[in-house]
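Residue numbers start from 1 in every chain, and the chains themselves are labelled A, B, ... in the order their sequence lines are given, proteins ahead of strands.
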Amino acid sequence: MTELPKTYEPQAIEAATMRRWLETKAFAAAPDARRQRYVIMMPLPNVTGALHMGHAMDNVMQDLLTRWHRMQGDNTLWMAGTDHAGIATQAVVEKRLKELEGKTRHDLGRDGLIRRIWEWKDQYQQRIVRQQQAMGCSCDWDRARFTMDPVCARAVRHAFFRLFRDGLIFQGSRLVNWDCDLQTAVADDELYRATVQGHFYYLRYPVIDPQPGEPTHVTVATTRPETMLGDTAVAVHPDPRGVLSEAIAATKRALDEDPNCQGAGRADAEAELDRLLRREFEVLPTLEKLATMARAGRKVRLPLADRAIPLIVDEWAKPDMGSGCVKITPAHDPNDYAVWQRHRAEFGAIRILEANGTLNNEVPPPFRGLDRFAARTAVVDALRGQGLLERIEDREIEVDHSDRSKSIIEPLLSKQWFVHMADVDGGVVLGRGTRNEHRAPGLAQAAIDAASPTYRSPTDRRVSFHPDGDRYSKVYLSWLSEKRDWCISRQLWWGHRIPVWRGSVPRQNLLNLESLLQAQEERDDICAFVVLPDGTRLAPLDAIARLKADSGITEADVLVCLRDEASESTLGPALAAFGLQQDPDVLDTWFSSALWPHSTLGWPDPETARLDGGQSPLGASDGNDSALAYYYPGSCLVTGRDILTLWVARMVVMGLYNLGDVPFTDVFLHANIQDGKGERMSKSKGNGIDPVDIIDKYGADAMRYVLCEMQTGTQDIRLPVQAISPYTGNLVDLATAKHGRTIFTYLDPEAGKEFDVLGTMPDVPAAKLVSERFEVGRALCNKLWNAARFALMNLEGADAAASHEPLDLARLDLEDRWILSRLRAAVAAVQDGLAAYNPSVAVGAARDFFWNELCDWYLEMVKPRMRDPARAAVAKQVLAATLDQVLRLLHPFVPFITEALWQRLGELVPVRGIDRPFAEAELLVHAPWPKVRREWHAAEVEAQVSLAQQVVAALREVRARYATPPSQRVPVRLRAGETTRAALAPCLDLVAHMAGAASVEYVDADAARPKDAATTHVGDVEAWVVGVVDVDKERAKLGKELDKLRGQIKGLESKLGNDGFVAKAPAEVVARERTNLDRARAQLTAIETSLRAL
RNA sequence: GCGCCCCUAGCUCAGCGGUAGAGCGUCCGCCUUACACGCGGAGGGUCGGCGGUUCGAAUCCGUCGGGGCGCACCA
């Protein structure tokens, strides 16, 4: 038997405890006969870098639920893993490559770069797993997966293949956000917006053959003049007069309706009205003429490019803005693109940018090959030279930047792959080939339905959100309801390559393809489509028939999707022979993460899914189901609300599509962590805390405890951040500290020198970031450690074999019945808090019981009994049992310390219990969760002890007021009404012990107060502390109490004197207030009497 | 522009129709043999402003102010 160390040292305990859990595979999950299961799929951390506090929150919430359910006896699986995070990872590795070796990805080549990224991935994956294990994450580590491992990769190909075969994946030209540095399309959410100082250029385009009275040119305005080289039209509003009149009327109305509006708002409105009115005669006539000309099919000459482009009418042109006309560059502007969609017959789109941001051969020679920014200057100069630059305004512009490369995004028309999200004719088959096969109108609609209150999947499930269900189901639904197509291609090297071979094939070769394409009819792992020049998409044999019928078709695009990697070697050469090449793009990272809840379990064929060495089998074994059949659908998805749409919605879509069932039934959205200034935490902002630094300083349990305590809802949490000064070791609060030379350096006021929080400045020492908030957690753990040490010290003498005797609850001492009754309440409160996804309430209930009731009262109450051999045995048994339950109750929150203490408790007292023994377990990880024992409830005992506690508190207040040292035992006299007197009678010893009284005795109602006694009141109890009095202090104290009571009585009297209150308030409320009033009046009388006696 | 959320003690947050709570911090007293990462006690708030509903509002409704988030938009 090893002695518990005197001081609590989390580092030693935590490392040893995790080692034991891992060695015994305490978290391993395997299908068995249990029907109750609980499955959490970890939101995959990116392998771009180490985890931060946000991940810590996410992981701790998952571990909390996982441990809680495991203790409840569920077959519990927490699946861990990491995401290859396509663009983010490639960008990080490319950046390092450039910084450290001065090389670009083209120097290494596709394979070389990918090798480098794998090395990076291995390194960071290890670091992430170490961080998660340091936090105590109880994942089944042997099942951990990576989105690019063979099992996941196979799932990706199968999913893609199915979508492709069902016609739900298509290729199309779309305007995408183009990152010219990384040379890839990036998603909307990978952008950030920054304001830059720019200019607004007014350009003139000459009208071709202007008639007398017609304008000789149109003026258009732009912030990106170089795009004019790609202009294919100029638009004017069809009804400029109508729009202007309406705008004027609206402004007037606003001014009339709010005649009191003063100051800036009114001045603005007046200025706006003035501007509009001036426009009406300065600009409107020209616009009306131009609209007429546009309807007549007139054109303007595009300068520099020297092309004739049409004037068109479109409502996108705003008569109240700029020149009232707008240049249309469909290939490089989202709005212009939309205009083009409405006028495709009238003009085309010209793409003028190369992938690297230089101008291509569509532009005239002097601009060809220029970078977009150089081209801007060149275009402006050239236009100025021709007198076609009207003017330039300075202006702040908001520009999209790429989150990854920080470069300015260019909207670019390019060919991308999409998943069709909208409804389709005949609907979409979900879960094809499974027992859950059913039909939905479309992919997005399927996921919308899955979250509606009336929906039930074929297995009777639906998705709901917690803890603020309404709010977040709205966000989820509104995003999905747009049913926007999902762009799944990325022009990267790192990721799942798109398994499609494509090429433009001449007519003659197309006919020869027949034999190859025939294969599709015979095998199920190849799917081909032919896309005719007019866009018609046909199955190969139909296409060939069509070709034979229509000799006018000279060539067509052929797309072939191969389902299995293995087929590449057999079919690849044949495809190449026909000039087909594999698409160079890779899939959006979210495509593989959308499959995560089923790909990790071996979908589509868990029986044969290839395993990494040492991994748990995915197929059926020991007569049980396969991992997929047993663990899908999962239970709960735990994440921040930021990826609700990106990831959560897509997992629902893909789960429904591949398996016909939702991937999880509950979504727990937790709060995000912000710094002390309310800014989002992130490493790159210099305010990101590494959980490992917190663990080093305060311990993992401390961190977990505080994170749980902070988790009260979906509202973001502020966590003030301090740096540990590298000079003094002092904590410097970042919210208030002064900056040094950069925003990432701060001054240590004591040392007078600056330190760096990013760790990137070579000449400035770096500081670790922590937060004092976590001290609370360490204090809790320290308290738990010491309380357990105290208990174990007292239990050491206990005869282990006799540690559990069935006890008759009714015959227990008062304090024993009290602590058991309170324990029962605590178990219920923790349970309810967790069930409501409110960790703060749950951990608070556990803490309050442990600290405020067990430590502050019960442990003190039983100290005398521990020294009394006649009474010690029962006290020890109750103490051991209570400690047992507290450890179980706290375990999901603070797993390490509770497990360590559990081991010691088990050694000393192998069997614990009160009326019957509790179910045992070698590891606390597997110990059954405490049950709410209704028979322990003792309302009367609780009321008695509560009264005794109030009396003790009042006596302590007197002691404090008179600065009575603890060693000075004072005699106490009590006077009380009959009922109270009887209730308190069994507690007199406790009161004496807890209040440090020499004696506590009742006196008669008419007894006189000793001259030297201080008085205190609790309800109708009057207590005298003898031998301490100071008349002035007494008067002051009693006077104060009197004032407070009088205020209370006045309030209550006016309330009860209010007829409305008495008539309309619920009877019980009125009755309660009457009782309060009576009680207050009685106390008032008592105090007045005491005061008079002084 | 549309929608959602938040503003409660010095700080971080609970409470969400019956006249305010916790932790930390502050102040006072204690090394009372589990714990000074502790114990006992005290002080501290017209619940962002203004209106309304109600017998009664921190709590419901409106409005204004401050902060945040999402979605659009920005020639």
Query - Minimum heavy-atom distance A:R204-A:T219, with the two atoms named - result: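 Of all heavy-atom pairs spanning A:R204 and A:T219, the closest is CG-OG1, 4.2 Å.
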Query - Among B:C35, B:C71, B:U19, the nucleotide that comes nearest once only the side chain of A:E1073 is considered - result: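 Nearest listed nucleotide: B:U19.
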Heavy atoms only, 4.0 Å cut-off, all strands: where does [X] land among base, sugar-phosphate and nothing?
{"X": "A:Y8", "result": "nothing"}
{"X": "A:T223", "result": "sugar-phosphate"}
{"X": "A:N335", "result": "sugar-phosphate"}
{"X": "A:A963", "result": "nothing"}
{"X": "A:V475", "result": "nothing"}
{"X": "A:R778", "result": "base"}
{"X": "A:R867", "result": "nothing"}

Within the structure, does a side-chain N or O atom of [X] lie under 4.0 Å from either OP1 or OP2 of [N]?
{"X": "A:K318", "N": "B:C73", "result": "no"}
{"X": "A:R1072", "N": "B:U19", "result": "no"}
{"X": "A:S840", "N": "B:A14", "result": "no"}

**Report entry** Lys NZ or Arg CZ of A:K863 over A:Y858 ring: under 6.0 Å, within 45°
**Finding:**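 Output no; distance or angle outside limits.
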**Report entry** Over-ring placement of A:R778 relative to A:Y698, 6.0 Å and 45° cut-offs
**Finding:**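 The answer is no; the distance or angle limit is not met.
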**Report entry** Salt bridge present between A:E1068 and A:R1072 (N-O < 4.0 angstrom)
**Finding:**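 No, this pair does not count.
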Query raised in the report: Salt bridge between A:E226 and A:R224, side-chain N to carboxylate O under 4.0 Å?
Result: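 Between A:R224 and A:E226 there is no salt bridge, as every charged N stays at least 4.0 Å from the carboxylate O atoms.
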Strand contacts (RNA chain B) in [range], 4.0 angstrom heavy-atom criterion:
{"range": "residues 1059-1066 of chain A", "result": "A:G1060, A:F1061, A:K1064, A:A1065, A:P1066"}
{"range": "residues 850-864 of chain A", "result": "A:W851, A:C855, A:D856, A:L859, A:E860, A:K863"}
{"range": "residues 695-711 of chain A", "result": "none"}

Requested in this report: Grab the CD-P distance between A:E9 and B:C37 for me, whole Å please.
Outcome: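 In whole Å, B:C37 P lies 14 Å from A:E9 CD.
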**Report entry** Rounded interatomic separation in angstrom, taking CG from A:N838 and C1' from B:A14
**Finding:**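 It works out to 9 Å between those atoms.
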Requested in this report: Could you say whether A:A960 or A:V841 is positioned toward the 5' end of RNA chain B, judged by the nucleotide with the nearest heavy atom to each?
Outcome: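 It is A:V841 whose nearest nucleotide is closer to the 5' end.
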Requested in this report: May I ask you to test the A:F200-A:T222 pair for a side-chain heavy-atom distance under 4.5 Å?
Outcome: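 Side chain of A:F200 against side chain of A:T222, heavy atoms only: no contact under 4.5 Å found.
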